[in-house]
Number of protein chains: 2
Amino acid sequence: MGRGKIEIKKIENTTNRQVTFSKRRAGLFKKAKEISILCAADVAVIVFNSTGRLFDFASSSMKRILERYRNASGGQAWNNEYEQMLSQFRNLKKENEELQKEMSYVTGEDVETLAPNQLEYLEGNLVVAAKKVRDRKTEVLKYERRKTESKVTGLQQKCAILREWLTNPENHEEYGITVCNSEGPTPPPPAFRVQPSQPNLQSSGY
Amino acid sequence: MGRGKIEIKKIENTTNRQVTFSKRRAGLFKKAKEISILCAADVAVIVFNSTGRLFDFASSSMKRILERYRNASGGQAWNNEYEQMLSQFRNLKKENEELQKEMSYVTGEDVETLAPNQLEYLEGNLVVAAKKVRDRKTEVLKYERRKTESKVTGLQQKCAILREWLTNPENHEEYGITVCNSEGPTPPPPAFRVQPSQPNLQSSGY
DNA sequence: TTACCTATATATAAAGT
DNA sequence: TACTTTATATATAGGTA
């Protein structure tokens, strides 16, 4: 339809291509509108031109048509992002429910449903956990005591040095800043990590 | 274009409408294909006919075009469902991480990061939980013992009756099936619910 | 439905302005 | 570059099979 017949293949001349695009886009949208009115159809057209610009037409709400499309196409041609998140979401939800259930067991709140042998096992775990916590508490307290003691020792040494200075003022230069900064010979604690209040726990192994 | 001109308004004759729909749908998709080839455009067309059936055309992957549309339209015309799920997803994830952290504390696995007073508190909770579980276990065991005892009593009664029958065979008809089914007078347990191994825990209150 | 026919309405390629 | 014109290609309404 035009002065000459054209082959359906990419128009290489840029200007020409843009002109044709504008004309045909208008035609396409007009046709879409007509079929939607004539046949009571719901139509959406989405077009990106070769430079990536978006043009769209929808006979009603684009949002609604796309939602409807997602339902009708059975999630088949839906975007990965959505599907992936949906599946991740379900997994998370399941995991969450299990965690909450376990949590309710482990706090002794929802144990009415458990059989005697399960109760036995749970009790054992709780006792072990309590012991671990108690042991750790002891360890920490011991470490802090040691730290404090070494601080005391350090201060005592410092005092001794100061006293020495007062007694023999001519030896001042022999002791430098070194002495003043030393707070004691206590070694760092075994595997003692202090982290901020929100540590990242990725592993679920317990 | 056709034998006669038609007004652009809904075609009331159903057959006619369906025929026109088929023809124009084919035309629309053809035009969409042509513009996509001629102008190197990316085109998607979605059509629902008046009975709700879906027809679609995409010059490349429908999935990709819709994703691209979502980005290009700035999420404006995106479906609520997605946004809502995204926010729910984030909440769940956060909740999940917290639960896992708590779980790791409560099993005594990840207590290195806790301060002495936190350890003290945790230990207290664990001891309380262990006691609750132990108490429940005792309760269940007592209940089961009672049940067994009443079963024994029932059987003893049955035996007595059978012995009685053997002694005085002429009184058989006085005792019916009733006696044989009675397993004892034990009342139902106080708030004792036995559920299958995977109970549904919907409430998160604890 | 589905496909074919054909007169006509429309769309549009290319040229003009 | 953008609008108008115009010759021609295409789409399709209304039939028929």
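Naming: A, B, ... by sequence-line order, numbering from 1 per chain.
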Practice problem: Considering just the side-chain nitrogens and oxygens of A/Lys31, establish if one lies under 4.0 Å of OP1 or OP2 belonging to C/dT10. | Solution: no
Quiz item: Of all heavy-atom pairs between B/Phe55 and B/Phe21, which one has the smallest distance, and what is that distance?
Solution: CE1-CE2, 3.5 Å
Exercise. Return the value, rounded to whole Å, for the distance between atom CZ of A/Arg17 and atom C1' of C/dT12.
Key: 18 Å
Quiz item: Given C/dA13, is OP1 or OP2 found less than 4.0 Å from the side-chain N or O atoms of A/Thr20?
Solution: yes
Quiz item: CZ of B/Phe21 versus P of C/dT2: gap in Å, rounded?
Solution: 12 Å
Exercise. Mind running salt bridge (Lys or Arg N to Asp or Glu O under 4.0 Å) on A/Lys101 and A/Glu98 for me, showing each step along the way?
Key: CA-CA 5 Å; A/Lys101 192 173 62 183; A/Glu98 278 167 14; over 6 Å; no
Practice problem: Could you tell me whether the side chains of B/Glu95 and B/Asn91 share a donor-acceptor contact shorter than 3.5 Å? | Solution: no
Quiz prompt | Length of the line joining B/Met1:CE and D/dA11:C1', which is rounded to integer Å | solution = 5 Å
Self-check item: N-O pairing of A/Glu67 and A/Arg64 below 4.0 Å
Solution: no
Between N or O atoms, less than 3.5 Å apart, protein on one side and nucleotides 14-17 of chain C on the other: list the pairs.
unit_1 : atom_1 : unit_2  : atom_2 : d
C/dA14 : N6     : A/Lys23 : NZ     : 3.3

Quiz item: A/Thr15 has a side chain; which of C/dT1, D/dT1, D/dT12 sits nearest to it?
Solution: D/dT1
Quiz item: When you match B/Leu38 and B/Val19 each to their closest nucleotide on DNA chain C, which lands nearer the 5' end?
Solution: B/Val19
Self-check item: Side-chain donor-acceptor contact under 3.5 Å, B/Asp110 with B/Tyr105
Solution: no
Quiz item: How far apart are the closest heavy atoms of B/Val140 and A/Pro116, and which atoms are they?
Solution: CG1-CG, 3.6 Å
Practice problem: Return the value, rounded to whole Å, for the distance between atom NZ of A/Lys30 and atom P of D/dA11. | Solution: 14 Å
Practice problem: May I have the distance from B/Asn13 (atom CG) to D/dA13 (atom C1'), rounded to whole angstrom? | Solution: 13 Å
Practice problem: Can you tell me the distance, in whole Å, between the CG atom of B/Leu28 and the C1' atom of D/dT12? | Solution: 14 Å
Quiz item: Just how far, in rounded Å, is P of C/dA11 from CD1 of A/Ile35?
Solution: 14 Å
Practice problem: Report the distance from atom CD of A/Glu34 to atom P of C/dA11, rounded to the nearest whole Å. | Solution: 6 Å
Practice problem: Could you tell me whether B/Arg68 sits above the aromatic face of A/Phe48, with NZ or CZ closer than 6.0 angstrom to the six-membered ring centre and within 45 degrees of the axis? | Solution: yes
